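Data block below; observations after.
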Amino acid sequence: MKNFVFLYAGENASHAFDAVFSGRSAFDRCLDWAASVPGLCGISVGCTSKNRVQVEQAAARLSADVRIAENDAWDTAQLLSALSREAAAFHADNAVYSPADRPFLDLELTKELIESHFKYVSEYTFADGYPAGFAPEVIHCGTVQILSSLANETHRELGCLPVSNESIFTVMKTDINSFEIESVIAPKDYRMLRLDFSCVIKRNLVACERLYSLAEKNGIPFTAEKLSDFAQSCAPVQQTLPAFYNVQISQNCAAVPFYSPYKDAFLEKYGVLPFKEQNTAAQDMDFSRFVSLLNQIESFSEDAVVGLSAWGEPLLNGRFAEFVQAVLSHDQLSVLVETDGTLVTEELARQLSGLARNASPRKNGLPPLMWIVSIDAASRQMYDTVFENGDFESAVRAVSVLHKHFPSAVYPQFTRVNENESELESFYRFWHSKDSPSGGNVIIQKYNDFCRKLPDRKPADLSPLERNPCWHLKRDMTVLCDGSVPLCRQRLFSSVGNVFDEGVEKVWKKISEASEQNIMGAYGEPCRNCDEYYTFNF
């Protein structure tokens, strides 16, 4: 059985050549793995003109020749076309495919995949249950040709998608019953860790660096199973850099749901309510400080989603459009706006859609600008029960207006509480329809009692049987108008530091200390009473 290896080093392999593994790069380690694949008949690397020299320099040290497939416009169709061409060039039986930024590809697991592929006469074989990054995909070369035809002709909409870890299987799913598929199952399911041991983004690169150095220091074998077990209890590997920065740009509110703790907490702290007509001294975030914060975010996290809605109504900030534009000027950052919708206008939506259209494609693969509109009801009567100072018709109209300018990036939201549970089904049926004003997008949100500060209004308990470490401590940072940062959003106005005074990195280290305790199973106050630990943003 002749197998050729295809390593994909397209434009999203930005950290594949960073020499951070004892002076060697992830790509160097991929080449070593590739040269040892059983039945090897050749190695190909898909690259761009920008990194071709790096690929050639790294490949020059191998005794085997490495073919180069250069393309500056890689997408799923181009990837499958290149796989098909290279398979024909090598007269191979199977393609062993992997991104070129995976420093921990497990040779023994690869052998197991190939043996299973041969034994069961499979067309596609993959490893299931492990964190991403330990195993390649094995595809029969005849199947590669079929998939290439599907991506380039029958399902061109899928062929146009950017290359991702799911590219091959996404095309295969269009006619999945026509393919013989086998999997090698991990001894236990590690997928809940949501770890990706590739170097495609800085966050993953940091995880890989830490896993490599700590495993080496502790004598952990570099196998998929042993490294996965080690990562499962290793806080520095699980928490790397923030993926979501939720920033408060306005203290004031428009419509306020009765289940929000913000109004009472604001009154307790400042002695006034957070409504513009009553709170004349309320502050918006200083724009120049926000710009400085974005520079810190890009430098520290590289890519991230920046929310503008930690608390308050962001559209009440008089420079709201400038805040959005400032985020979009960084091509690795996306914007998320959560709003009550009452201030959304056609003019504003048109202005912001122009900014989004002119923005370069986000390197994180997300839309430049995303919207969540809180509605929480299927009728005006229920809406008026849930919201103070709200307007049901305005909120629903806001979804229509925004969807026209931001298709596929607008989500009406329903937060489940006992009081509105009777309208959940009608809300979901209406908004989930492709003919709805959201085009079928909808978010059903669980109720948050803020560590039992609020009454229990949950119509259902969705918490897992076994507690997992908090995703928000591992991936989120909330920043208030004055730059202060609570340990998490549950803490409202408490603060562990200030990003304007101390910087993002120093404040994140303080959050990391609490997260490490959480990962080790030490849940102090008020974490032990939290019901948000299993929810996930980005």
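Since the model is a prediction, treat every value here as computed from it, not as a measurement.
- In this structure, SG on Cys451 lies 4.5 Å from CD on Gln490, to the nearest 0.5 angstrom.
- Separation of atoms CG (Leu273) and SG (Cys253) is listed at 9.5 Å; rounding is to 0.5 Å.
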**Request:** Begin from the C-alpha positions of Arg489 and His472 and carry the test side-chain contact (heavy atoms from CB on, under 4.5 Å) through to its verdict.
**Result:** CA-CA 9 Å; Arg489 191 169 179 267; His472 301 289; over 6 Å; no
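- Residues Glu182 and Thr125 bring no donor and acceptor atom of their side chains to less than 3.5 Å of each other.
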**Message:** With side-chain contact (heavy atoms from CB on, under 4.5 Å) as the criterion, how do Phe21 and Cys199 come out once you've worked through the C-alpha distance, each side chain's angles and the decisive distance to 0.1 Å?
**Reply:** CA-CA 12 Å; Phe21 305 102; Cys199 301; 4.1 Å; yes
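- When all heavy atoms of Leu7 and Pro99 are compared, the pair lying nearest together is CD2-O, 4.3 Å.
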**Request:** List the steps and the verdict of salt bridge (Lys or Arg N to Asp or Glu O under 4.0 Å) for Asp531 and Arg452.
**Result:** CA-CA 9 Å; Asp531 187 41; Arg452 300 182 186 173; over 6 Å; no
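- The two residues Tyr533 and Ser463 make their nearest non-hydrogen contact at OH-CB, 3.9 Å.
- Between the side chains of Gln413 and Glu338, at least one donor-acceptor pair of N or O atoms lies under 3.5 Å.
- Between Phe536 atom CZ and Asn468 atom CG the span is 11.0 Å, to the nearest 0.5 Å.
- Exactly one residue among Arg203, Lys202, His330, Gln332 makes a side-chain hydrogen bond (donor to acceptor under 3.5 Å, both in side chains) with Asp303. That residue is Arg203.
- Within a 6.0 Å radius of NZ in Lys453, other residues, nucleotides and ligands contribute more than 12 heavy atoms.
- Residues Tyr428 and Phe430 keep their aromatic ring centres 6.0 Å or farther apart.
- Counting only distance, with no hydrogens or angles, the side chain of Ser436 and the backbone of Ser433 share a donor-acceptor pair below 3.5 Å.
- The CD1 atom of Ile185 sits 4.5 Å away from atom CG of Asp128, with the distance rounded to the nearest 0.5 Å.
- Of the N and O atoms on the side chains of Tyr245 and Ser301, at least one donor lies less than 3.5 Å from an acceptor on the other residue.
- The two residues Ala310 and Gln248 make their nearest non-hydrogen contact at CB-N, 3.6 Å.
- Side-chain contact between Leu109 and Thr223 is absent, with no heavy-atom pair separated by less than 4.5 Å.
- Annotation: the span from Tyr383 atom OH to Ile375 atom CD1 amounts to 8.0 Å, rounded to 0.5 Å.
- Atom CD of Glu216 sits in a crowded spot, with more than 12 heavy atoms from other residues, nucleotides or ligands closer than 6.0 Å.
- Put simply, the residue from Asn418, Asp449, Asn448, Asp376 that forms a side-chain hydrogen bond (donor to acceptor under 3.5 Å, both in side chains) with Tyr259 is Asp376.
- The minimum heavy-atom distance linking Gln238 with Ala231 is given by the pair NE2-O, 3.1 Å.
- Checked by atom type, the side-chain pair Asp229/Tyr190 shows a donor-acceptor distance below 3.5 Å.
- Minimum interatomic distance between Val171 and Leu158 (heavy atoms only, all atoms of both residues): CA-CD1, 4.3 Å.
- A cation-pi arrangement is not found for Arg475 relative to Phe244, the charged atom failing to lie both closer than 6.0 Å to the ring centre and inside a 45° cone about the ring normal.
- The shortest side-chain heavy-atom distance between Pro261 and Trp311 falls under the 4.5 Å cut-off.
- In summary, the aromatic rings of Phe414 and Trp431 are positioned with their centroids too far apart to meet the 6.0 Å limit.
- Below 30°, between 30° and 60°, or above 60°: for Phe266 and Tyr270 the angle between ring planes is between 30° and 60°, a tilted geometry.
- A salt bridge does not link Lys188 with Glu225: none of the charged nitrogens is closer than 4.0 Å to a carboxylate oxygen.
- Checked for salt-bridge contact, Arg429 and Glu425 meet the test: a charged N lies under 4.0 Å from a carboxylate O.
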**Request:** Mind running side chain to side chain donor-acceptor pair (under 3.5 Å) on Ser250 and Asn252 for me, showing each step along the way?
**Result:** CA-CA 6 Å; Ser250 176; Asn252 281 321; 4.9 Å; no
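- A cation-pi arrangement is absent between Arg528 and Tyr523 under the rule of less than 6.0 angstrom and at most 45 degrees off the ring axis.
- Of all heavy-atom pairs between Asn518 and Leu473, the closest is ND2-CD1, 3.9 Å.
- Remark: aromatic rings of Tyr212 and Phe222 are close, center separation under 6.0 Å.
- Side-chain rings of Tyr8 and Tyr97 stay apart, their centers remaining 6.0 Å or farther from each other.
- Atoms OG1 and CG, on Thr415 and Asn420 in that order, are 8.0 Å from each other to the nearest 0.5 Å.
- For Glu209 and His15, the side-chain atoms include no donor-acceptor pair closer than 3.5 Å.
- By the 4.5 Å heavy-atom criterion applied to side chains, Leu211 and Cys234 are not counted as neighbours.
- The backbone N or O of Leu333 sits less than 3.5 Å from a side-chain atom of Arg362, completing a donor-acceptor pair.
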**Request:** Decide yes or no on side-chain contact (heavy atoms from CB on, under 4.5 Å) for Leu294 and Val306, but give the supporting numbers first.
**Result:** CA-CA 9 Å; Leu294 292 177; Val306 178; 4.2 Å; yes
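- Taking the six-membered ring where the residue is Trp, the centroids of Phe197 and Phe134 are separated by under 6.0 Å.
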**Prompt:** Going through the distances and angles, do Ile372 and Thr339 end up as a side-chain contact (heavy atoms from CB on, under 4.5 Å)?
**Reply:** CA-CA 6 Å; Ile372 296 173; Thr339 176; over 6 Å; no
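- Looking at heavy atoms from C-beta onward, Gln251 lies in side-chain contact with Cys481 at the 4.5 angstrom threshold.
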